[in-house]
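Worksheet for the structure shown next.
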Amino acid sequence: MSDNNVQIFDTTLRDGEQVPGCKLNTKQKLVIAEQLENLGVDVIEAGFPVSSPGDFKSVEEISKLIKHTTVCGLTRAVENDIKVAAEALKYAKYPRIHTGIGTSASHIKYKFNSNQGAILERAFEAVKFAKSFVEDVEFYAEDAGRTDNEFLARVCEMAIKAGATVLNIPDTTGYCLPSEYGAKIKYLKENVKGIEKAILSCHCHNDLGLATANSIEGVINGARQIECTINGIGERAGNTALEEVVMVLKQHPYLNLDTNIKTPHLYGISQLVSESMGIYTQPNKAIVGANAFAHSSGIHQDGVIKNRATYEIIDPKDVGVTESAIVLTARSGRAALAYRAKNVGYELTKLQLDDVYANFLDFADQKKEINDQDIHQIIETSKVYQQIITA
Ligand code: KIV
Ligand code: ZN
């Protein structure tokens, strides 16, 4: 891995699957895991093996199926969780145990009724125990986003001392501002002894709609892994959307950060996950929403027809979308109507277009969107129809 490579850790099958009512069965998980491997993710977090026999089985089956990608299982800092995860991962070519504990003042007080010293000890013991099963151990400091940086640095040092290879810094509640999250990563890079032995990982939730921005700030400040889900699914407001962070890095090459993702697979896997889980993505969702490459206002349509780059920063084919859509509504202009009419077989002169356009506006005021069938009807009922068909 080069210094500029950002590892993509996909947690669609673990954190993403925590969406209420969207549980996947093992068969569905295997189909998604295979497509994640084809997409080029570096790590698949396959589940939380101790949580249920079903999750254990899914992690075990995914471990058998996946050939080149690291397969990861989540645990708490609890011996039995770690033992069970190691058992579920035993067939994986590249197994990783992801263990950790809450580190913020509120987690220490209310979840554990404990103190910082005891948390440091549990972090150390958990990583050490996980290391007795696998070489690759990732440690998470839950609620790191609200954890005091000085204490967080001490927790990270403990985890490194016990052998952690990756340090996950979750903004569990999606609270941080991008500048704050970036500064946290920078602080850890500069103040944790032994930090060169591990990579820092961003795990940002989207409660304030900042998950993508926070993850990008994280990697700009030295993190080299992003934890994310397809379509940004996850409990509450979800996780960082994989397709967003990958395309931000791709569209800004001067950041000099790249990933191993084959971006033309993005749209297909987005559809697969939304259909398998029964969660439909909002039409205006960045990169994969139905309207992400659709143009509806006259000014935009005219620009895109002349040159796609006037209103599009991404070539749709780059993310697996066949082409941009020129959507006909009452806000569309003559250029869009001429373009769509040509696509269904009518080459209109300027005068013919004026007449057909007047007819089109009457139709479009009655209907939200004009489809190809409507275009035939609009042309057939226009005054100039005879000229058009005899031309
Ligand atoms: O959001 C979080 O803190 C998590 C950890 C369990 C990694 O998902
Ligand atoms: Zn999470």
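Treat the numbers as computed from the prediction; the structure is a model and nothing was measured. Just so it is clear, the values below take in all heavy atoms, side chains as well, and ignore hydrogens, waters and symmetry mates. Just follow the structure's listing: the first ligand is 1, and inside any ligand the first atom is 1.
Contact record, N168 with C202: OD1-C, 4.3 Å, taken as the closest heavy-atom pair.
When non-hydrogen atoms are compared, ligand 1 lies under 4.0 Å from the side chain of R14 (C-beta onward) but not from its backbone.
If you number the atoms of ligand 1 from 1 as listed, the ones under 4.0 Å from a heavy atom of E142 come out as 3 (O). Those atoms of ligand 1 that come under 4.0 Å of a heavy atom in N168, given as number and element, are 7 (C). Short contacts between ligand 1 and P170, defined as distances under 4.0 Å to a heavy atom of the residue, involve ligand atoms 2 (C), 3 (O).
In terms of protein heavy-atom proximity, atom 3 (O) of ligand 1 is closest to T172 OG1, 2.7 Å.
The side-chain tip of R122 points at the ring of F112 from less than 6.0 angstrom away and within 45° of straight on.
N239 pairs in a side-chain hydrogen bond (donor to acceptor under 3.5 Å, both in side chains) with only one of the listed residues (T229, N231, D15), which is D15. Tested against K184, the residues N149, N221, N214, D171 include a single side-chain hydrogen bond (donor to acceptor under 3.5 Å, both in side chains) partner, N149.
Aromatic rings from F360 and F363 are positioned such that their centres are separated by 6.0 Å or more.
Under a 4.0 Å N-O distance rule, the pair E61/K64 qualifies as a salt bridge.
In terms of N/O distances under 3.5 Å, ligand 1 is approached by H203. Considering both main-chain and side-chain atoms, D15 comes within under 3.5 Å of ligand 1 through a nitrogen or oxygen pair. For a threshold of 3.5 Å applied to N or O pairs, the pair formed by H205 and ligand 1 contains at least one separation below that value.
Taking NZ from K128 and NZ from K161, the interatomic distance works out to 11.0 Å, rounded to the nearest 0.5 Å.
Between the Zn ion (ligand 2) and the N, O or S atoms of D15, the shortest distance is to OD2.
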